[in-house]
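Every chain is numbered from 1, with letters handed out A, B, ... down the list of sequences. Everything numeric here is computed off the predicted structure, so don't read it as measured data.
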Amino acid sequence: MIHRWRSTLIPTTREAPSDAESPSHVLLSRAGFIRKLGSGIYDYLPLAWRTLRKVSQIVREEMDAAGASELLLPAMLPIELYRDTKRDVDYGDLLFKVTDRKGAVAALGPTHEEPITELVKGSIQSYKQLPLNLYQIQTKFRDEARPRSGLLRCREFIMKDAYSFHMHVEGAGGLNEAYDAMYRAYTNVFRRCGLDFTVVEAESGPIGGSASHEFMVNAPSGEDTILKCPASGYAANVEKCEIGERPVEGGAFNGAPTGDLTEVHTPNMPGIDEVGGFMKVKPDRMLKTIVFRAVEPAGGGGGSGGPRWVLAVVRGDHDVNEGKVKAASGWKVELAPEKDARAAGFAIGYVSPKVIVGRTDILLLVDPDAAGGGFWASGADKADHHVKHFNWRREVGAILDDSRYVKLADVRNALEGDPSPRAPGSRLVTGRGIEVGHIFKLGTKYSDAMGLAILDDKQQKRSVIMGCYGIGVSRTMAASVEQNHDENGIIWPAAIAPYHVLVTLLKPEETAHMQAAEKLAADLAAGGLDVLIDDRDERPGVKFKDADLIGIPVRLTIGDKALAEGGVEFKARRDTGKGEVVKLADAPAKCAAAVAA
RNA sequence: CAGGGUGUAGCUCAGUUUGGUAGAGCGCCUGGUUUGGGUCCAGGAGGCCGCAGGUUCAAAUCCUGUCACCCUGACCA
C-alpha cells in the first residue's frame, strides 16, 4: 500500500486545540488524526481510520481464532427492548434517545446485551446449537456525564462487543471455557497491538454478573488505579482489590483510653481535612463513619429482619469501598440519602460509631485500621461538633462483642504498601491504567429477564448462561498514544501504525529523487509494508517535525546527501540521533526487520 | 448534578476593568529569497466579537436571558 501525503488529508498543526490536555488528545489532534465536532464527538481522519482498521483487524483475527463469529446489530434499538431488563431506568441518562415520526422512542445502543439476547432467543431452539459466541465492531453511544480526555472518554466511540451463550458453566462448551478463551484472545490482541498492559480482577458493575477481568494499558495518565502484588502476580482494580491480613495491635477495640472524651465545636467544616486542621489532629487519627442504607440482601430476594442501616468506619485518611461494604454486610447498600438518614437519627457529617448504642437496626462494619487503641477523634453525633479521645470500649461498650451488630471487616480501598492478599509478607504496589478491555461472566441475568430459556438434554427448561466481552477500539488507539509518545510526538507500535514507513522526500521536484522514492516505495509495498510518501513542497524542517509528530515507526529520508552515496537515510522513530545511511537495495529488508521487531 | 472557567480570523490568543473606526502570532494566497530539523522580506485575503434581548448618540466592552465548550468532583459495560 502506497499513499502520497498531498493526496490524503493530514492537517498537522503547530499548536494544540485549547481544550486538549491529555497527551493522546493533544497529539492525535496536532498530528491530524482526530478533530472534535462536539463534546465527546470526534472525526476520525484518514490516519486515525487506518490505525482503527488495523486494531479492528487484529481483534477480528483473534476473535475468529477463538471461535467467535462476527455479525452487526443495529445501533438504533427500540426502547421497549430495555423494559424487561429495566436498563431503560438503570442506565438512565446514559442512554441517548431518538424519536421517530410516530413518536416511538429508540435508544442508540450503549452496549448490546438486550438485542443479542433477543436475537438468540428467536433463533436458537435446541441446546445442541450451543455454545455460541457472537461479536460485532460498531459505534456505540453513551451520554457520559462528563466526556473528557479526547478519545479516552467520549460519547460516540468504537467498540468490539462479544456475547457467549451456554447451557452450563463448567466443562466443554461451558461459560468458563469461553471466558478463558476470551481471556487468551484479549491477551493476544493487546500483545499484538504492541501495548504494555496488566490484567486485573474487577468489579462487574451495573452490567451484573460474577467474575470479571479488566485489561489495563499501563499509563501514568490512566483514570483507574490498579494494585499489584509483585510476589504472587495478583493484580486488581482498586474497586476490587482485597487486602491481606491486618492484625489489630492489642486486639480489636481493646485499647486503653488516652484521655477524657472531650467535645469540640467545629462549625462549617465539611471535610476531614478542615476538621483535622482545626482540631490539630492528623486524618489518620480520625474515625470516618459513612452511613449506608440496606436495600436488599445481596443474594437478591426480599428478605426481612436484617439491618436497616449499615455503617462503615474507616480511618480518616482511608476511603470506604462500597463493594466491600456489600460483601461484608451481605446486603446490597446505597449511600444513605441525607434526609432519610437525618430522620433516622444520624447527624450526617458528624456521625460516630457510638450512635449504635441502644439500637438494633444498625450493622457496624469497622475496618481493622480503625479498630485499634490510641488517640481517636470522631464525630460527636450532633451537628457542628466532634470529639477527642474517643475510645472504642468506653464509648461503645458491650455491643462491640455482639457479632449480629458489629463486625471487623476490610471495608476500605487498598493502598500502596498494604499487605498482599495472596503472598504473606509481600506488599501491594500501585499503578495507573486505562481500561481497554473488560470480560464478564454474566450468568443468567439477561436470559432470565428476557426469557431466553431452552430445554437441556434432560428435557429441563433452563435459562441460557451468558458471558460478555468488550474492547474499546477507539480507546485502544488513544491509550497507545498515552503510553507511547515523546516530546516530539506519537510513537506507534508497528502493528497499529497507520503506515509502516514514511518516505521523506526532501526535494520532490527533482525527478531523480522522485523516481528513487517511487522505486523504493514499490519495493517496500511488495514486501507487504504500508508506505506514505511525503511529497509536499515544504522545507526539510517542516517535514521532519511532522514525521516525528505523526509517529510512523520508520522514516526513510531521500535527499542529496544519502543519494550521492546511492542510499537513503534510515531512522526508526524510537531512536534518537540522525539515523544511518543504507543502500537503496538494502532498505526494504532493513525496514521489514525494524517493523517486525 | 455541584463548584469553577472560557466563547473575538482556520488555530493559539490580546483587547472587556474605564463604551468611541476590531488587533497580533501561526496558518492561507501572491511575488521574491532560502533549501537536511517548523527560512527571511514585501504585499494580500480572511471576523454578525457564541446567540437573543436591553441600556446608550454610540456596545466585543455595561445589564438580562440563553446556548455551547473546558476543568475539578460526583458518576462511569
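- Here the P atom of nucleotide B:rU6 and the NZ atom of A:Lys36 are 16 Å apart, to the nearest Å.
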Exercise. Can A:Thr111 and A:Glu113 be said to form a side chain to side chain donor-acceptor pair (under 3.5 Å), step by step?
Worked result: CA-CA 6 Å; A:Thr111 169; A:Glu113 284 79 9; 2.8 Å; yes
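- Using a 4.0 Å heavy-atom cutoff across all strands shown, A:Asp548 reaches at least one base atom of the nucleic acid.
- Rounded to whole angstrom, the span from the CG atom of A:Asp537 across to the P atom of B:rU39 amounts to 13 Å.
- Residue order along RNA chain B, read from the 5' end via each residue's closest nucleotide, puts A:Val542 first among A:Val542 and A:His25.
- As a whole-Å value, the separation of A:Glu239 CD from B:rC76 P is 9 Å.
- To the nearest whole angstrom, the two C1' atoms, one in B:rA22 and one in B:rC13, are 14 Å apart.
- Remark: the A:Arg148 side chain and the B:rG73 base include no donor-acceptor N/O pair separated by less than 3.5 Å.
- Counting to the nearest Å, the P atom of B:rC11 and the CZ atom of A:Arg30 are 16 Å from each other.
- For A:Arg146 and B:rG4, the CZ to P distance is 15 Å, given to the nearest whole Å.
- The side-chain heavy atoms of A:Ile434 and A:Asp224, taken from C-beta on, include no pair separated by under 4.5 Å.
- If you check B:rC76 for Watson-Crick or wobble pairing at under 3.5 angstrom, you find it has no partner at all.
- For the pair A:Lys36 and A:Tyr42, the cation does not sit on the ring face, since its NZ or CZ is not both under 6.0 Å from the ring centre and inside 45° of the axis.
- We find that CG of A:Asp143 is positioned 12 Å from P of B:rA68, with the value rounded to whole Å.
- At the heavy-atom level, A:Lys507 lies under 4.0 Å from the strands shown only through sugar-phosphate atoms.
- Between A:Tyr135 and A:Leu71, the closest side-chain pair of non-hydrogen atoms is not below 4.5 Å.
- In this structure, B:rU39 makes no Watson-Crick or G-U wobble pair, since no nucleotide meets both defining distances under 3.5 angstrom.
- Using a 4.5 Å heavy-atom cutoff, the side chains of A:Leu506 and A:Phe544 are in contact.
- Both distances falling under 3.5 Å, in either a Watson-Crick or a G-U wobble arrangement, place B:rC69 opposite B:rG5.
- Residue A:Asp560 places no side-chain atom within donor-acceptor reach of the base of B:rG36, judged by atom type and a 3.5 Å distance cut-off alone.
- Taking the C1' atoms as reference points, B:rG20 lies 14 Å from B:rC62, given to the whole Å.
- Taking only side-chain nitrogens and oxygens, A:Arg14 comes nearer than 4.0 Å to OP1 or OP2 of B:rG27.
- Residue contacts shown for A:Lys543 are absent, as no nucleic acid heavy atom lies under 4.0 Å away.
- Between the NZ atom of A:Lys545 and the P atom of B:rU39 there is a distance of 10 Å, rounded to whole Å.
- Among the heavy atoms of the strands lying under 4.0 Å from A:Glu21 are primed sugar atoms or P, OP1, OP2 only; no base atom is included.
- Here A:Pro11 lies out of heavy-atom contact (under 4.0 Å) with every strand.
- Within the 4.0 angstrom heavy-atom criterion, no nucleotide atom of any strand lies near A:Ala20.
- Each of A:Ser39 and A:Asp224 was matched to the nucleotide of RNA chain B holding its nearest heavy atom; the match closer to the 5' end belongs to A:Ser39.
- Nucleotide B:rG36 holds its C1' atom 15 Å from the CG atom of A:Leu502, rounded to whole Å.
- When all heavy atoms of A:Pro553 and A:Tyr499 are compared, the closest pair comes out as CD-O, 3.3 Å.
- Both distances falling under 3.5 Å, in either a Watson-Crick or a G-U wobble arrangement, place B:rG20 opposite B:rC57.
- A:Arg475 comes within contact range of no nucleotide atom at all, as no heavy-atom separation falls under 4.0 Å.
- Nucleic acid contact for A:Ala16: sugar-phosphate only, since backbone atoms but no base atoms lie under 4.0 Å from a heavy atom of the residue.
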